[in-house]
Colleague: 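This is the structure I have questions about; it appears just below.
We're numbering straight along the sequence, starting at 1.
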Amino acid sequence: ACLCATAQEPKSHVVSGDPARVERVRKAKMPALTKPVMFDTPEADVILSALEVFPEDNPWNLVVSDWPLHPKSKEIVASIGANKPLRYNPDMSFVLVPPDQKKIDLKLVSYPDESDKGPYPLPDGVPIEGWPANYKRNPRLKGTTLDDVQRDTLKENGDRHAIVVDPTNRMLYEFYQLKKTDGGWQAACQATFDLKSNKLRPDGWTSSDAAGLPIFPSIIRYDELKRGAIEHAMRVTVVNTRRAYVYPATHYASRKTDESLPRMGERIRLRKDFDTSKFSAEVRVILDALKKYGMLVADNGIDWALSCAPDERIPVLHDELRKVKGSDFEVVVAPPGYKPAR
């Protein structure tokens, strides 16, 4: 259902998702899952094409191409870097699990009070952030195994995000700094999301992302690029954020109070007049979605960096994306009369 502005507001202030997306997903047939399926496979593509990720009126699914500009749009863009290039990280891998996947407990070592209770459907072959493309494409890391990455034998440390999706029950399990030890699995934080619901994290809670947001709904995936449409907002990181958050974020990760800095959850959109005609088909899909759905500030990290699945089937996109600059973006706010989906 649409969430609409009051009758006094102009028509351009209607807030909704794209009904065509919902129709497409619901017409697709969800295959039966009997074992874990890695994200970078044809089997996963079929499952993902039939998976409805959050309701139509969820913030990740809203069309924002006509949303009004933030009054400090130019200042916020300048604080991130008007001359800095758009980047992407082939980082966020995930695994799809069957509804009867065995659930296990793990040790929560940093944010147990802001984590959802287990047990969790965590399969033995759960990929860790960057697996496999970042390892297979790096000559120095080619001999690395998934077990090496799970145990962090290379001492890479880092965020070590891990994502598990139960598409049958439409449940999402995300882990921050997941690591396999001789005593079992451990993680710094765990966040569970019901993909059938608009329910947020409790106010003030983090997640596997600093903003308290889910990561999975934001990932640029192979099946989307092949289909020719990304139908959701994306996740973007920036170096400097403000000590504030805006819906749908629930958490900040900064002490800075400069109002020219973006808040966690800030929505940024590619300008409508940006010419995408000279880009490859894959990059055009990304840029068109940035015009339609935008991207949400989700974590502190590399400026203007989107999250993409580390899928070897996705071509390397660095050179093309870097042709897009910060000045090609604008910060937007929800229109008057918008009531957030809860």
Colleague: Side chains of L51 and R170, heavy atoms from C-beta outward: is any pair under 4.5 Å?
Modeller: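 The answer is yes; the side chains approach within 4.5 Å.
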Colleague: Do the side chains of L86 and I230 join up, straight or via other hydrophobic residues, at under 4.5 Å, putting them in one cluster?
Modeller: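 Yes, because L86 and I230 connect within a single hydrophobic cluster, where side-chain heavy atoms sit under 4.5 Å apart.
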Colleague: Output yes when a side-chain donor or acceptor of R269 lies under 3.5 Å from a complementary backbone atom of S65, and no otherwise.
Modeller: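 Side chain of R269 to backbone of S65, a donor-acceptor pair under 3.5 Å: yes, one is there.
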Colleague: Can V165 and V97 be said to form a side-chain contact (heavy atoms from CB on, under 4.5 Å), step by step?
Modeller: CA-CA 6 Å; V165 184; V97 295; over 6 Å; no
Colleague: How far does OG1 of T276 sit from CG of D288, to the nearest 0.5 angstrom?
Modeller: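 Those atoms lie 4.5 Å apart.
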Colleague: Distance-only, no hydrogens or angles: does the E129 side chain make a donor-acceptor pair with backbone N or O of A162 under 3.5 Å?
Modeller: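 Not a single qualifying donor-acceptor pair exists.
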Colleague: Please round to the nearest 0.5 Å and tell me the distance separating atom CG of D40 and atom CG of D223.
Modeller: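 Reported value, rounded in 0.5 Å steps: 12.0 Å.
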Colleague: Flag the pair E56 and R21 as a salt bridge only when some basic side-chain nitrogen lies within less than 4.0 angstrom of an acidic carboxylate oxygen.
Modeller: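 Looking at E56 and R21, the cut-off is not met.
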Colleague: May I ask whether M264 and Y176 are part of the same hydrophobic cluster, defined by side-chain heavy atoms of I, L, V, M, F, W, Y residues being less than 4.5 angstrom apart, directly or through others?
Modeller: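 M264 does not cluster with Y176.
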Colleague: Evaluate the side-chain proximity of V126 to W185: yes if any heavy-atom separation is below 4.5 Å, no if none is.
Modeller: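 Yes, at least one pair of side-chain atoms sits under 4.5 Å.
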Colleague: Side chains of E156 and D152: does their closest heavy-atom pair fall under 4.5 Å?
Modeller: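 Of all side-chain heavy-atom pairs linking D152 with E156, at least one is under 4.5 Å.
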Colleague: R201 and side chain to side chain contact (heavy atoms under 4.5 Å, CB included): which single residue from D116, L213, T206, T192 fits?
Modeller: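 It is D116; the other options fail the test.
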Colleague: Check whether any side-chain N or O of R242 sits under 3.5 Å from a backbone N or O of L261 as a donor-acceptor pair, and report yes or no.
Modeller: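 Such a contact is found between R242 side chain and L261 backbone.
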Colleague: Do the side chain of Y120 and the main chain of G118 share a donor and acceptor less than 3.5 angstrom apart?
Modeller: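 Yes, Y120 side chain to G118 backbone: donor-acceptor pair under 3.5 Å.
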Colleague: Does a donor on one side chain and an acceptor on the other come within less than 3.5 Å for Q186 and K107?
Modeller: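 Looking only at side-chain atoms, K107 and Q186 do not form any donor-acceptor pair under 3.5 Å.
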Colleague: Given R151, which partner from the list T181, D182, T145 fulfils the side-chain hydrogen bond (donor to acceptor under 3.5 Å, both in side chains) test?
Modeller: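 Result for side-chain hydrogen bond (donor to acceptor under 3.5 Å, both in side chains) with R151: D182.
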Colleague: Determine whether a donor-acceptor pair (N or O, by modelled atom type, separation under 3.5 Å) exists between the side chain of T250 and the backbone of W205.
Modeller: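 Answer holds: yes.
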Colleague: Can the positive tip of R284 be found less than 6.0 Å from the middle of the six-membered ring of F279, inside 45° of the ring normal?
Modeller: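 The answer is no, since R284 fails at least one limit relative to F279.
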Colleague: For residues S197 and P55, report the shortest heavy-atom separation together with the two atoms involved.
Modeller: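 Between these two residues, the closest heavy atoms are O-CD, 3.7 Å.
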Colleague: Would you say N169's side chain and M171's backbone share a donor-acceptor pair under 3.5 angstrom?
Modeller: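 A pair under 3.5 Å: no.
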Colleague: D209 side chain to A211 main-chain N or O, any donor-acceptor pair under 3.5 Å?
Modeller: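 No.
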Colleague: L296 and M234: same hydrophobic cluster, using ILVMFWY side-chain contacts below 4.5 Å?
Modeller: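 No, because L296 and M234 fall into different hydrophobic clusters, even though each may have its own neighbours under 4.5 Å.
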Colleague: Can we call the ring centroids of F329 and W304 under 6.0 Å apart?
Modeller: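 When the ring centroids of F329 and W304 are compared, they turn out to be within the sub-6.0 Å range.
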Colleague: Is the closest basic N to carboxylate O distance between E330 and R271 below 4.0 Å?
Modeller: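 Salt bridge: no.
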Colleague: If the threshold is 4.0 Å, N to carboxylate O, is there a salt bridge linking E224 and R227?
Modeller: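 No salt bridge links E224 with R227.
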Colleague: Less than 6.0 angstrom from the centroid, inside 45 degrees of the normal: does R267 satisfy that with respect to the ring of W67?
Modeller: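 Yes, cation above the ring, under 6.0 Å and within 45°.
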Colleague: A quick test of your reading: do over 12 heavy atoms of other residues, nucleotides or ligands sit less than 6.0 Å from CG of D105?
Modeller: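 Correct, the count exceeds 12.
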Colleague: How about D45 and T41: do any of their side-chain heavy atoms sit closer than 4.5 Å?
Modeller: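 No. Closest side-chain heavy atoms not under 4.5 Å.
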Colleague: Measuring from I215:CD1 to D91:CG, what's the distance to the nearest 0.5 Å?
Modeller: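 These two atoms lie 8.0 Å from each other.
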Colleague: Can you find a heavy atom in the side chain of D18 that is under 4.5 Å from one in the side chain of K292?
Modeller: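 Yes - at least one pair of side-chain heavy atoms lies under 4.5 Å apart.
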Colleague: Does one hydrophobic cluster hold both F274 and Y293, with members joined at side-chain heavy-atom distances below 4.5 Å?
Modeller: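 The answer is no; the residues belong to distinct hydrophobic clusters.
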Colleague: Looking at every non-hydrogen atom in both residues, tell me the closest pair between P214 and L172 and how far apart they are.
Modeller: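 The answer is CB-CD2, 3.9 Å.
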Colleague: Would you indicate whether K74, at its atom NZ, is surrounded by more than 12 heavy atoms from other residues, nucleotides or ligands within a distance under 6.0 Å?
Modeller: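 No, NZ of K74 has 12 or fewer neighbouring heavy atoms, counting only those of other groups under 6.0 Å.
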Colleague: How long is the straight-line distance from OG1 of T241 back to CG of N300, given to the nearest 0.5 Å?
Modeller: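 It comes to 3.5 Å.
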Colleague: Any side-chain heavy-atom pair from I286 and L290 closer than 4.5 angstrom?
Modeller: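 Yes, their side chains come closer than 4.5 Å.
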Colleague: Are side-chain heavy atoms of W60 and V53 found at a separation under 4.5 Å?
Modeller: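 Side-chain contact under 4.5 Å: no.
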Colleague: Crowded around K325 NZ? As in, over 12 foreign heavy atoms under 6.0 Å?
Modeller: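 Result for NZ/K325: enclosed.
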Colleague: Minimum heavy-atom separation for I314 to C308, with atom names?
Modeller: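 So the minimum-distance heavy-atom pair works out to CD1-SG, 3.8 Å.
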Colleague: Is a side-chain N or O of S49 found less than 3.5 angstrom from the main chain of V46, in a donor-acceptor match?
Modeller: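 Judged by distance alone, yes, a pair lies under 3.5 Å.
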Colleague: Report yes or no: do N58 and N61 form a side-chain donor-acceptor pair below 3.5 Å?
Modeller: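 No, because no side-chain N or O of N58 sits under 3.5 Å from a partner of the opposite role on N61.
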Colleague: Looking only at side-chain N and O atoms, does Q177 offer a donor or acceptor that is under 3.5 Å from a partner on S110?
Modeller: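 Result is no, nothing qualifies.
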Colleague: If you round to the nearest 0.5 Å, how far is CG of D166 from CG of L33?
Modeller: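 The CG atom of D166 is 8.0 Å from CG of L33, to the nearest 0.5 Å.
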Colleague: So, are D258 and R243 salt-bridged, with charged N and O less than 4.0 Å apart?
Modeller: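 No, no charged N to carboxylate O under 4.0 Å.
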Colleague: For residues S280 and E320, determine if any side-chain heavy atom of one lies less than 4.5 Å from a side-chain heavy atom of the other.
Modeller: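 In short, these two side chains touch, coming nearer than 4.5 Å.
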Colleague: Would a hydrophobic clustering, with Ile, Leu, Val, Met, Phe, Trp and Tyr connected at side-chain separations under 4.5 Å, put M92 with V164?
Modeller: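 Result: yes, single cluster for both.
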Colleague: How many angstroms lie between atom CG of N134 and atom CD1 of I128, to the nearest 0.5 angstrom?
Modeller: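 The distance works out to 13.0 Å.
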Colleague: After noting the C-alpha distance and the side-chain angles of V283 and L321, does the key distance pass the side-chain contact (heavy atoms from CB on, under 4.5 Å) rule?
Modeller: CA-CA 7 Å; V283 171; L321 288 176; 3.9 Å; yes
Colleague: Less than 6.0 Å separating the ring centroids of F175 and H161?
Modeller: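 So the answer is no for these two rings.
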Colleague: State plainly whether the residues E52 and R26 are in salt-bridge range, i.e. N to O under 4.0 Å.
Modeller: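 So E52 pairs with R26 through a salt bridge.
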Colleague: Verify whether one side chain among D203 and Y245 offers a donor that lies under 3.5 Å from an acceptor in the other.
Modeller: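 Y245 and D203 do have a side-chain donor-acceptor pair below 3.5 Å.
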Colleague: Minimum heavy-atom separation for P217 to F54, with atom names?
Modeller: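 Smallest interatomic distance, heavy atoms only, reads CG-CE1, 3.4 Å.
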Colleague: Do Q150 side-chain atoms and K179 backbone N/O form a donor-acceptor pair below 3.5 Å?
Modeller: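 Absent.
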Colleague: So for atom CG, which belongs to D273, do other residues, nucleotides or ligands contribute more than 12 heavy atoms lying within a distance under 6.0 Å?
Modeller: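 Yes, because the 6.0 Å sphere around CG of D273 holds more than 12 heavy atoms from other groups.
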Colleague: Taking atom NZ of K102 as the centre, does the number of heavy atoms from other residues, nucleotides or ligands within less than 6.0 Å exceed 12?
Modeller: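 Result for NZ/K102: open.
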Colleague: For D275, does the CG atom sit with more than 12 other heavy atoms under 6.0 Å from it, leaving out its own atoms?
Modeller: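 Atom CG in D275 is packed in, count exceeds 12.
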Colleague: Please tell me whether S307 and R235 have a donor and an acceptor in their side chains that are separated by less than 3.5 angstrom.
Modeller: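 On atom types as modelled, these side chains qualify, holding a pair under 3.5 Å.
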Colleague: Please check if the side chain of R263 supplies one atom and the backbone of A244 the other of a donor-acceptor pair under 3.5 Å.
Modeller: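 No; judged by distance alone, with no hydrogens or angles, the pair does not exist.
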Colleague: Have Q190 and S115 got a donor and an acceptor in their side chains that come within less than 3.5 Å?
Modeller: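 Result is no, nothing qualifies.
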Colleague: For the residue pair S260 and S79, what are the closest heavy atoms and their distance?
Modeller: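 Smallest heavy-atom distance, with atoms named: O-OG, 2.9 Å.
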